[in-house]
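Beneath this line is the structure, given in C-alpha cells, with notes to follow.
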Amino acid sequence: MAGLEASNLNLQPGQSICVRGGVAPDAKSFVLNLGQDSNNLCLHFNPRFNCHGDANTIVCNSKENSVWGKEHREQAFPFQPGSDVEVSITFDKAELTIKLPDGYTFKFPNRLNLEAINYLSANGEFKIKGVTFE
C-alpha cells in the first residue's frame, strides 16, 4: 500500500487537481482525500472494488473535526484492476466536480465551505504516477 501525503497546496476556487496512477491488479479499494488537513476533508473519494461490503461502487464523504459526514454513493464505476487511471477534481466554494476516466462527471458539495484546499492524501492499492494542478 503506497501512500502519498501533501500539504500547503493552496488550491484556489476554480483550480483543478489531476491525479494519475495505476490501480493494483488485486485492488480492493483506494482513497483520495482533499481538504484542510487529515481531520477536515471536503472530499474523501473512495472507489471500492470489493471492500466494506461494497462492490464496484464509489463512496464519497466529508470529515469535519474528525467526524465523518453522510456517505454518498455514485453508481458509475469506470475503474478496472490493473489499469492506469486519471481523476480530475475541480474545486470551488459550493462544490467539487469529479471527472472520472470514462468522461463521467459528478459533483459533491463543499460541506466544509473551505476557501482553499491545502491537503491531499492518497492510499490503498493505487500507485501515484503524477499529480498536476490546472
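Residue indices begin at 1 and follow the sequence shown. All of these numbers come straight from a predicted model, not from anything done at the bench. Side chains are part of it too, since the values below use all heavy atoms of this structure and drop only hydrogens, waters and symmetry mates.
For the pair N118/N8, no side-chain contact is recorded, criterion being any heavy-atom separation below 4.5 Å from C-beta on. The closest side-chain heavy-atom distance from L9 to F133 is below 4.5 Å. Contact of the T97 side chain with the F106 side chain is not registered, since no non-hydrogen atoms from C-beta on lie closer than 4.5 Å. Between C42 and I117, the closest side-chain pair of non-hydrogen atoms falls below 4.5 Å. A 4.5 Å side-chain heavy-atom check between P101 and P78 finds at least one atom pair inside the cut-off. At a threshold of 4.5 Å between non-hydrogen side-chain atoms, the residues V87 and F79 count as touching. In this structure the side chain of L112 reaches within 4.5 angstrom of the side chain of S62, judged on heavy atoms. Residues V19 and L32 meet the side-chain proximity criterion, which asks for heavy atoms closer than 4.5 Å.
Taking NE2 of H72 as the start and CG of N61 as the end, the distance is 10.5 Å to the nearest 0.5 Å. Note: D92 CG to E115 CD = 11.5 Å, rounded to the nearest 0.5 Å.
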Let's go through N33 and L120 carefully: what are the C-alpha distance in whole Å and the side-chain angles of both, what is the deciding distance for side-chain contact (heavy atoms from CB on, under 4.5 Å) to 0.1 Å, and is it a yes or a no?
CA-CA 6 Å; N33 289 317; L120 163 71; over 6 Å; no
Show your working on side-chain contact (heavy atoms from CB on, under 4.5 Å) between V23 and F30 and close with a plain yes or no.
CA-CA 8 Å; V23 179; F30 68 90; 4.0 Å; yes
Given side-chain contact (heavy atoms from CB on, under 4.5 Å), test C60 with E71 step by step and report yes or no.
CA-CA 6 Å; C60 293; E71 286 188 345; over 6 Å; no
Set out, in order, the CA-CA distance, both residues' side-chain angles and the distance that settles side-chain contact (heavy atoms from CB on, under 4.5 Å) for V131 and I17, then state yes or no.
CA-CA 7 Å; V131 177; I17 184 166; 3.8 Å; yes
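When all heavy atoms are compared, the tightest approach of E74 to Y104 is OE2-OH, 2.7 Å. Of all non-hydrogen atoms in S16 and T90, the two that sit nearest each other are OG-OG1, 2.6 Å. I58 and A76 get closest at one heavy-atom pair: CD1-O, 3.3 Å. Heavy atoms only, all atoms of each residue included: N10 and Q15 are closest at O-OE1, 3.8 Å. Considering all non-hydrogen atoms of both residues, R20 and F126 come closest at C-CZ, 4.2 Å. The shortest non-hydrogen separation linking S38 to L41 is O-CG, 4.0 Å.
A donor-acceptor contact shorter than 3.5 Å links the side chain of E125 to the backbone of K28. A donor-acceptor pair is defined here as one N or O able to donate and one able to accept, closer than 3.5 Å; no such pair exists between the side chain of K127 and the backbone of A24. Within the 3.5 Å criterion, the main-chain N or O of L114 finds a donor-acceptor partner in the side chain of N110. Put simply, the side chain of T57 gets close to the backbone of A55: a donor and an acceptor are under 3.5 Å apart.
In this structure, F108 has its ring center no closer than 6.0 Å to that of F45.
In terms of hydrophobic clustering, with Ile, Leu, Val, Met, Phe, Trp and Tyr side chains grouped at heavy-atom distances under 4.5 Å, W68 and Y119 are assigned to a common cluster. Note on V31: it does not cluster hydrophobically with F77, by side-chain heavy-atom contacts below 4.5 Å among ILVMFWY residues. Grouping the Ile, Leu, Val, Met, Phe, Trp and Tyr side chains by contacts below 4.5 angstrom, directly or via other members, places L11 with L4.
Residues N46 and R48 bring a donor and an acceptor atom of their side chains to less than 3.5 Å of each other.
Enclosure of atom CD in Q80 is not indicated, since only 12 or fewer non-hydrogen atoms of other residues, nucleotides or ligands lie within 6.0 angstrom. Within 6.0 Å of atom CD in E134, more than 12 heavy atoms from other residues, nucleotides or ligands are found, so the atom counts as buried in its surroundings.
A salt bridge links K129 with D84: the distance from a Lys NZ or Arg NE/NH1/NH2 to an Asp or Glu carboxylate oxygen falls below 4.0 Å. Salt-bridge annotation for E64 and R111: absent, with no side-chain N of the basic residue lying under 4.0 Å from a carboxylate O of the acidic one.
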